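Predicted, not measured: the structure shown is a model, and the values here were computed from it. Atoms considered below: every heavy atom in the structure, side chains included; atoms not considered: hydrogens, waters and symmetry mates.
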Amino acid sequence: EEIFLIGLRLLSGMIDPRDAGLAYTALASSAVRATYERVEADFAREYGRIASGRIAVLAMGKLGSREMTAASDLDLIILYDFDVERAESDGPRALHAVQYYTRLTQRLITALTTATRRGRLYEVDMRLRPSGNKGPVATQLQAFRDYQANEAETWEHMALTRGRFIAGEPSLGREAEDEIVRVLSARRDAKKLRRDVFDMRGLIAQEKGDANPWDLKLAAGGVIDIEFIAQYLLLRHAAEAPDLVVVATEAIIARAGQHGFLSEEDVETLVEAHRLYANVTQMLRLTLDTAVDPATAGQGVKRRIANSADVPDFQRLERELAQTRARVRAIFNALLDGKSK
């Protein structure tokens, strides 16, 4: 019902696309917290609680950066911690902490994703956790630290740039966020970082394609290019400019400009492009199935999509998007393509 109301307000012009993104994110965060609290209480009645134990739910992806749409799923990482001397739960069916938090996490995911008569809450994506789908669904804090320090690849640190605590034990959430800041602020080999980011973008294009002009995320010069630029700048310069460690893409780009890591012209281009893509994406996700080509939509839908970008008609929007993609891709290549150095 709330998702419907947010969409209705967006369609009617009561809120703009940016506010819709914040509203969808606030709703999802609240849903995760409420669901976690209910699941944890029910689980404790069956298995008790671990006196020394703590658990934290971290938001990643669009949930982490507060840029969700009507169709977004939830990217989550679950961390836990406990005293090895007091690792058993105190319920009638005692469990060791590792098993306890694994089962509790599975219950939470099930509660968020199970289809009911009223539908499902959200799809949940756990692939950003340490070791991806091959790893445990929940990770102990020290194991998370060790993995990030010794095993994580550059793309995993890029994903961490949008990590933030949303549910569970606040003290563990603060420790997790502090650890994320420490990881992101480490000094790096600049050439290797640039090469890793550029190669990862090429791999995504190879596997998923980048030629569809209406796939604003994957298209060359699209959302991923801007996000990768921001994530590269954060990882490259956070050791000397700690204020770059924020979850919002536009904020990273703006602060990078303030520090002189990007020109004023590039900052303006990237921020305007990000807003354009975000505005259009909000309306696309609200009005069309992802498999539908917007060019084949009805005139009424096309007008709404164009209006979301403050342009007079759909044809003008197509031209503006093409020009924007070209400008973004030029900045991306100038910054990250080693051949251009």
Identify whether [X] and [Y] are in the same connected component of the hydrophobic contact network (ILVMFWY, side-chain heavy atoms under 4.5 Å).
{"X": "Leu76", "Y": "Trp155", "answer": "yes"}
{"X": "Leu11", "Y": "Phe4", "answer": "no"}
{"X": "Val181", "Y": "Ile166", "answer": "yes"}

Item to complete: Can you label the angle between the Tyr101 ring and the Tyr80 ring as parallel, tilted or perpendicular, going by 30° and 60°?
Response: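 Ring orientation, 0 to 90° scale: parallel.
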
Practice prompt. Measure the acute angle between the ring planes of Phe43 and Tyr47, then classify it against the limits of 30° and 60° as parallel, tilted or perpendicular.
Written response: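 Tilted, since the angle between the ring planes falls between 30° and 60°.
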
Heavy-atom side-chain contact between [X] and [Y] under 4.5 Å:
{"X": "Tyr232", "Y": "Met158", "result": "no"}
{"X": "Met126", "Y": "Ile78", "result": "yes"}
{"X": "Ile229", "Y": "Leu270", "result": "yes"}
{"X": "Thr110", "Y": "Val39", "result": "no"}
{"X": "Leu321", "Y": "Leu317", "result": "yes"}
{"X": "Leu284", "Y": "Trp214", "result": "yes"}
{"X": "Tyr24", "Y": "Lys62", "result": "no"}
{"X": "Tyr147", "Y": "Glu156", "result": "yes"}

Practice prompt. For the pair Val247 and Ile252, evaluate side-chain contact (heavy atoms from CB on, under 4.5 Å) and give the outcome as yes or no after the intermediate values.
Written response: CA-CA 8 Å; Val247 296; Ile252 298 170; over 6 Å; no

Do [X] and [Y] meet the criterion of a side-chain donor-acceptor pair at a distance under 3.5 Å?
{"X": "Ser72", "Y": "Thr69", "result": "yes"}
{"X": "Glu265", "Y": "Ser263", "result": "no"}
{"X": "Tyr100", "Y": "Glu88", "result": "no"}
{"X": "Arg145", "Y": "Gln142", "result": "yes"}
{"X": "His96", "Y": "Gln99", "result": "no"}
{"X": "Asp83", "Y": "Ser52", "result": "no"}
{"X": "Arg129", "Y": "Thr139", "result": "no"}

Discussion item. Go through it in stages, so that I can follow the logic: the residues are Arg54 and Ser171, the test is side chain to side chain donor-acceptor pair (under 3.5 Å), and I'd like the CA-CA distance, side-chain angles, deciding distance and then a yes or no.
Written reply: CA-CA 8 Å; Arg54 298 176 297 165; Ser171 65; 3.0 Å; yes

Worksheet item: Should Arg107 and Glu46 count as an ion pair when the cut-off is N to O under 4.0 Å?
Response: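 Result for this pair is yes, salt bridge flagged.
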
Item to complete: Sequence neighbours left out, what pairs pass salt bridge (charged side-chain N to carboxylate O under 4.0 Å, His left out) with at least one residue falling in residues 12-36?
Response: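 Only Arg18-Glu250 qualify under salt bridge (charged side-chain N to carboxylate O under 4.0 Å, His left out).
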
Worksheet item: Would Ile224 and Ile204 count as a side-chain contact (heavy atoms from CB on, under 4.5 Å) if you check the C-alpha gap in whole Å, the side-chain angles of each, and the deciding distance to 0.1 Å?
Response: CA-CA 9 Å; Ile224 285 184; Ile204 291 173; 4.2 Å; yes

Fill in: Partners meeting ring-ring contact (aromatic ring centres under 6.0 Å, His included) with Tyr277 (sequence neighbours left out)
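Tyr277 satisfies ring-ring contact (aromatic ring centres under 6.0 Å, His included) with no other residue.
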
Worksheet item: Does Arg201 make a cation-pi contact with Phe198 (under 6.0 Å, within 45 degrees of the axis)?
Response: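 Arg201 over Phe198 ring: no.
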
Discussion item. Evaluate Arg275 against Glu272 for salt bridge (charged side-chain N to carboxylate O under 4.0 Å, His left out), listing each step before the verdict.
Written reply: CA-CA 5 Å; Arg275 290 177 182 173; Glu272 289 182 355; over 6 Å; no

Item to complete: Verify the neighbour count for atom CZ of Arg120: are there more than 12 heavy atoms of other residues, nucleotides or ligands below 6.0 Å?
Response: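 Correct, the count exceeds 12.
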
Worksheet item: Should we say atom CD of Glu264 is surrounded by more than 12 heavy atoms from elsewhere, each under 6.0 Å from it?
Response: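 Atom CD in Glu264 is not crowded, with 12 or fewer foreign heavy atoms closer than 6.0 Å.
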
Worksheet entry | CA sep, side-chain torsions, deciding dist, call: Leu288, Ile305, side-chain contact (heavy atoms from CB on, under 4.5 Å) | CA-CA 10 Å; Leu288 296 173; Ile305 296 171; 4.1 Å; yes

